[in-house]
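Here is the structure we will look at, set down as structure tokens.
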Amino acid sequence: MSRFEPSTIESKWQTAWEQAGTFTATRDPAKDKYYVLEMFPYPSGRIHMGHVRNYTMGDVIARYKMSCGFSVLHPMGWDAFGMPAENAAMERGGHPKDWTYGNIADMRDQMKPLGLSIDWSREFATCDPEYYGQQQAMFIDMLHAGLVYRKNAIVNWDPVDMTVLANEQVEDGRGWRSGALVERRELTQWFFKISDFSEELLSALDGLDNWPEKVKLMQRNWIGKSRGLEFAFGTVDAPEGFDRIEVYTTRPDTLMGASFVGISPDHPLAKQLESHDDKVAAFCAECRKGGTTEEAIETAEKLGYDTGIKVRHPFDTSWELPVYIANFILMDYGTGAIFGCPAHDQRDFEFATKYDLPITPVFEPTDGASGLTEAFVPLKSETVRYVRGFAGEQVQTGEAGVNSAIDFCEENGVGHGVTKFRLRDWGLSRQRYWGCPIPVVHCEDCGVVPEKKENLPVELPYDNGNEPIDFAVPGNPLDRHPTWRDCACPSCGKPAKRETDTMDTFVDSSWYYARFTAPRAETPTNAEDAEYWMNVDQYIGGIEHAILHLLYSRFFARAMQITGHLPKKAVEPFDALFTQGMVTHEIYLTRDENGRPVYHLPETILEYTSNVDGKKKAVLKLGVTRANMDPKTVSADVLTEASRQGLFDGYEVETIPSAKMSKSKKNVVDPVNIIQAFGADTARWFVLSDSPPERDVEWTASGAEAAYKHLGRVWRVAGDIATQEGAGKGDEELTRTVHKAIHDVTMGIESFGFNAAVAKLYGLANAIQKSKAGADARRDAMKVLAQLMSPMTPHLSEEIWSMLGGEGLVIDAPWPKADPKMLVEDTVTLPIQINGKRKAEISVAKDLPKEEVEKLALANDAVVKALAGGQPKKLIVVPGRIINVVI
RNA sequence: GCCCGCGUGGUGGAAUGGUAGACACAGGGGACUUAAAAUCCCUAGGCAGGAAUGCCGUGCCGGUUCGAAUCCGGCCGCGGGUACCA
């Protein structure tokens, strides 16, 4: 008998599927459809184990649904715009377009050997003009529908490179290339009006029954609906035009504990003061240092500046509060102004302590007074005693206190109750080259005018005339392109300038699922195809997309419905969501001359040395010694890295604990080596077998070989069975095992319990191998095993299926059904617990009455011994499960 | 900082209120072999014990329950997100 050779059988069956057109999705009205989608990858150039895991999971579902008779759509494409392409051009020269399409070709070549059931005829990249042109058309429709507008927004500004930085490019408040202290700067930017949909996006979460609760909870918190009071303080000694300061508070019940008013450094009053007062200007400049992230703002030291302006308390005009400019107040949320109640807010407490402001409790715990070493911040649902309340009962919950405070204030003409959302509008402008151009034109006479649809796509220029675009110069090359910006105004025809901002890449990924239903259509979507294929029945992706990508997609589907590009039923585009865990890996780094980290690929790590000073260390194996820099034996990337850093074999590197695999940290593992050594089925089997799919998995190289051995064993056992002939005595035990496996594996696949399903498949394979049943029974069992394994190890399964005389392709064979009669056991083993600890077990008929079970239990030796002649306090019998004797 | 998760043998993990450690990996022992590889069989949470068995045990502390890895509260550690990484 020949050896198990994955490379031979895998290419054979991939060809067979291709020739049969097995994975071509067709709109077949006679069949129910099933749309499986995995989040499409960014074309970094190399697939990694995370991709293998993600796409294998989707493939299991797709193949299983095909076997169940569905018309399946399982497409693949590329999230191809984004910063890494520009960074590559900056570092190594070349063009983002060439880099991206080259990477796509490489990654496609790496993915195809996996044998995924993908309809490659639908493939596209978001950087294809055919794709982003349709996106521009929708943008124009959305602009007309009032879903897009312009306003000022704050960006990270690198004052040395004179360019806008992404949050990722700000490290410890400094620009990643220049090292300059980053400032916050205002620019006019394009926005989607997602905030108009806050209520809708929130309430519609309740209908997403097949989404993980944690994702819905994260989105609820992100949207952040709150009810509060908006009112104005009258000012004293304020500049003209500022006789009132509007504030918003979610805790109006603490109004009698107010001790200061805080305004954002971007508040109109702060700006007014700044323009006349150097000290204020200096303070505001200080506040604007650092990055724009919420994290940077929230964790920065809380700073305040006393403006000298006072406000009058609305309930007591003789009570005056100071007005501070404070760095932690966001202009984007509420009114950009708050009142602080230090007794019941930890941040305000620290602020008041720092600036020596009064701390006046408004309420206390019902079981005694709280000390004032920190703010007393109970849950709103908790009952407290108000000592400085002004509305409602003295003892009430915080929530009741808030509601009565709002009612009281409205009745007394102090402000009004309002509902606000934390969700901000979606800023889509990017001052970058490698993105979808925003299709508008700036005309001196007509203002901002959308491009005519017949002029779409507004294509990115490849070069500056004949000169290559220089990406090494900071800033957006579109801004300094000699001719691209120049155009005719679509409205009046006079010379005008194109918008040079491109779109956030989240726009690209907010509708690709819809485009896959008709990827070559001359319009963004095709109504019939969208009607048939939408919604995505199963969407699979990483938990890191729980908020932004998934929320933006939900918004975009609504915007597409309003502009006529999607049917009403598709406003929630993803019926079911599964968030797989990430593949993580340790990170290896050395430091450059400035102490900045330089990361290294795991494949360049030779071994661990022992822990030194509590820090784990590893050494490099670059295949490079100082003497040997032979380009024939060392890959170009490694050589470049090695020579740039002066690294060589044995060089010691720092290791830091596992984190999400990311290209920038270089903690990525290359699956290509594994596929070459063991075959795709082994890689697929391995990524499914070892971890629950929703959990992160730390990649370790060991284990792939074990998967390979097991598949070889299955292949061998199948081969043995294929050569045997003649009926034997059917073995009921084997048949029962087979039906139990059908049931368990089917349930496992349906519930994303792939690792548990794999364990059951190990069990079935072991049972078949050890069974003494006749050849025919074992052949039938092995054919079922091939079917059950086929979503996971499709090539091996086809081979076995054909070896054993199965009809046609295993992928076309109907999924086996478990006979319910075969799943029922006649007798059950009941553990007997004494005081909750297992002490014995008895075997009883399945339907034995409870009283009989009790008798048997009490007659059990261990129970008799433990009772020592006494009576049990309690006897619990859970039929079919357990007996517990309480003594 | 804030929001959301996760934490079980040497390792990956199973069990989602009912026998903790299924199924594997690495390990140990054995069979086959001149030998090795491959394959097959046995063993395996910790401690004590020759064994039967007993005690301990799911990050830590406390609670609910006849019964908790599982539910609740508090803490510790790690990870994801934090609106310009995708």
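Convention: sequence-line order gives letters A, B, ...; per-chain numbering from 1. Atoms considered below: every heavy atom in the structure, side chains included; atoms not considered: hydrogens, waters and symmetry mates.
- Residue contacts shown for A/Gly427 are limited to sugar-phosphate atoms, with no base heavy atom under 4.0 Å away.
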Using a 4.0 Å heavy-atom cut-off to protein, can you give one letter per nucleotide of nucleotides 16-22 of chain B, 5' to 3': B if the base is in contact, S if only the sugar-phosphate is, - if neither? --BB--B
Kindly determine whether A/Lys865 and A/Asp861 satisfy salt bridge (charged side-chain N to carboxylate O under 4.0 Å, His left out), including the steps that lead there. CA-CA 6 Å; A/Lys865 200 172 144 199; A/Asp861 285 349; over 6 Å; no
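- If you check every strand for non-hydrogen atoms under 4.0 Å, A/Lys839 touches sugar and phosphate atoms only.
- Heavy atoms of A/Val885 sit nowhere under 4.0 angstrom from any nucleic acid atom.
- Closest of all the heavy-atom pairs between A/Leu858 and A/Pro872 is CD2-CG, 4.0 Å.
- Contact between the side-chain N/O atoms of A/Arg430 and the OP1/OP2 oxygens of B/rC84 is found at a separation under 4.0 Å.
- Distance CG (A/Leu548) to P (B/rC84): 7 Å, rounded to an integer number of Å.
- A/Gln431 comes within contact range of at least one nucleobase, with a heavy-atom separation under 4.0 Å.
- Separation of the C1' atoms belonging to B/rC72 and B/rU11 is 32 Å when rounded to the nearest angstrom.
- The shortest distance between the side-chain N/O atoms of A/Asn835 and the OP1/OP2 oxygens of B/rC66 is not below 4.0 Å.
- For the 3.5 Å distance criterion, the side chains of A/Asp479 and A/Thr500 qualify, holding a donor opposite an acceptor.
- Atom CD in A/Glu694 sits about 15 Å away from atom C1' in B/rG79, given to the nearest Å.
- The residue A/Arg347 sits apart from the nucleic acid: no heavy atom pair falls under 4.0 Å.
- Counting any heavy atom pair closer than 4.0 Å across all strands shown, A/Asn766 reaches sugar-phosphate atoms only and no base atom.
- Only A/Asp79, A/Gly82, A/Met83, listed by number, bring a heavy atom of residues 76-90 of chain A to less than 4.0 angstrom from any atom of RNA chain B.
- Nucleic acid contact for A/Ser429: base, since at least one base atom lies under 4.0 Å from a heavy atom of the residue.
- Contact annotation: A/Gln769 does not reach the phosphate of B/rU39 (side-chain N/O to OP1 or OP2, under 4.0 Å).
- Rounded to whole Å, the separation between the P atoms of B/rG9 and B/rG57 comes to 14 Å.
- With sequence neighbours left out, the side chain to side chain donor-acceptor pair (under 3.5 Å) criterion links A/His710 to A/Arg713.
- Counting non-hydrogen atoms under 4.0 angstrom, A/His710 reaches nothing in the nucleic acid.
- When the P atom is used for both B/rC76 and B/rG67, the distance is 29 Å, rounded to whole Å.
- Using cut-offs of 30° and 60° for the angle between ring planes, the A/Tyr132 and A/Phe81 rings count as tilted.
- Partners of A/Cys287 according to the side chain to side chain contact (heavy atoms under 4.5 Å, CB included) rule, which considers only residues two or more places apart in sequence or in another chain, are A/Pro265, A/Phe283, A/Asn327.
- Among the protein residues, A/Leu423 comes within range of the nucleic acid bases, having at least one heavy atom under 4.0 Å from a base atom.
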Please report, to 0.1 Å, the donor-acceptor pairs under 3.5 Å made by any side chain of residues 759-769 of chain A, with sequence neighbours excluded.
from	atom 1	to	atom 2	distance (Å)
A/Tyr762	OH	A/Trp685	NE1	3.4
A/Asn766	ND2	A/Tyr762	O	3.4

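- A/Asn860 is linked by a side chain to side chain donor-acceptor pair (under 3.5 Å) to nothing, counting only residues two or more places apart in sequence or in another chain.
- Only the C1' atoms considered, B/rU34 is 23 Å distant from B/rG29, to the nearest whole Å.
- With its glycosidic angle more than 90° from 0, B/rG73 adopts the anti conformation.
- One interatomic measurement links the two molecules: CD of A/Gln169 to C1' of B/rA86, which rounds to 13 Å at whole-angstrom precision.
- The side chain to side chain donor-acceptor pair (under 3.5 Å) test applied to A/Glu186 returns no partner, not counting sequence neighbours.
- Atom-to-atom, CZ of A/Phe754 to C1' of B/rG13 comes out at 17 Å; the value is rounded to the nearest Å.
- Residue A/Phe328 is classed as having no contact, given no heavy-atom separation below 4.0 Å to the nucleic acid.
- Across all strands, A/Arg422 comes closer than 4.0 Å to base atoms (heavy-atom distances).
- Between A/Trp511 and A/Tyr131, the ring planes are parallel. Angles under 30° get that label, and only those over 60° would be called perpendicular.
- Comparing B/rC41, B/rA83, B/rU39 by their closest approach to the side chain of A/Lys770 singles out B/rC41.
- Counting non-hydrogen atoms under 4.0 angstrom, A/Gln189 reaches a base of the nucleic acid.
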Could you spell out the base pairing of RNA chain B as a dot-bracket line? Use Watson-Crick and G-U wobble contacts where both distances are under 3.5 Å, [ ] for crossing pairs, | for partners on a different strand. (((((((..(((.....[....))).(((((.......))))).((((....))))..(((((..]....))))))))))))....
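- Here, B/rG13 and B/rA24 have their C1' atoms 9 Å apart, quoted to the whole Å.
- Of the N and O atoms on the side chains of A/Thr188 and A/Asn152, at least one donor lies less than 3.5 Å from an acceptor on the other residue.
- With 3.5 Å as the limit, one finds a donor-acceptor pair spanning the side chains of A/Trp190 and A/Glu499.
- Nucleotides B/rG45 and B/rA26 are separated by 15 Å at their C1' atoms, to the nearest Å.
- Comparing B/rU82, B/rA86, B/rC85 by their closest approach to the side chain of A/Glu168 singles out B/rC85.
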Close N/O contacts between protein and nucleotides 3-7 of chain B (under 3.5 Å):
from	atom 1	to	atom 2	distance (Å)
B/rC3	O3'	A/Asn221	ND2	2.8
B/rC3	O2'	A/Asn221	ND2	2.9
B/rG7	OP1	A/Arg695	NH2	3.1

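- Here, B/rA37 and B/rA44 have their C1' atoms 25 Å apart, quoted to the whole Å.
- Under the salt bridge (Lys or Arg N to Asp or Glu O under 4.0 Å) criterion, A/Arg150 pairs with no residue at all, not counting sequence neighbours.
- For the ring-ring contact (aromatic ring centres under 6.0 Å, His included) test, residues two or more places apart in sequence or in another chain that qualify with A/Tyr433 are A/His95, A/Phe471.
- Within 4.0 Å of A/Thr293, counting heavy atoms only, lie sugar-phosphate atoms of the nucleic acid but no base atom.
- Separating the P atom of B/rC66 from that of B/rC60 is a span of 25 Å, rounded to the nearest Å.
- In this entry the distance linking CG of A/Asp508 with C1' of B/rC85 reads 14 Å, nearest Å.
- In this structure, a donor-acceptor pair under 3.5 Å is absent between the side chains of A/Asp504 and A/Tyr552.
- The base of B/rG1 is paired with the side chain of A/Glu294 by a donor and an acceptor separated by under 3.5 Å.
- With sequence neighbours excluded, the residues that form a ring-ring contact (aromatic ring centres under 6.0 Å, His included) with A/Phe752 are A/Phe578, A/Phe754.
- Look at CE on A/Met39: it is 10 Å from C1' on B/rA86, rounded to the nearest Å.
- In the model, A/Asp158 has no side-chain atom that pairs as donor or acceptor with a side-chain atom of A/Thr163 under 3.5 Å.
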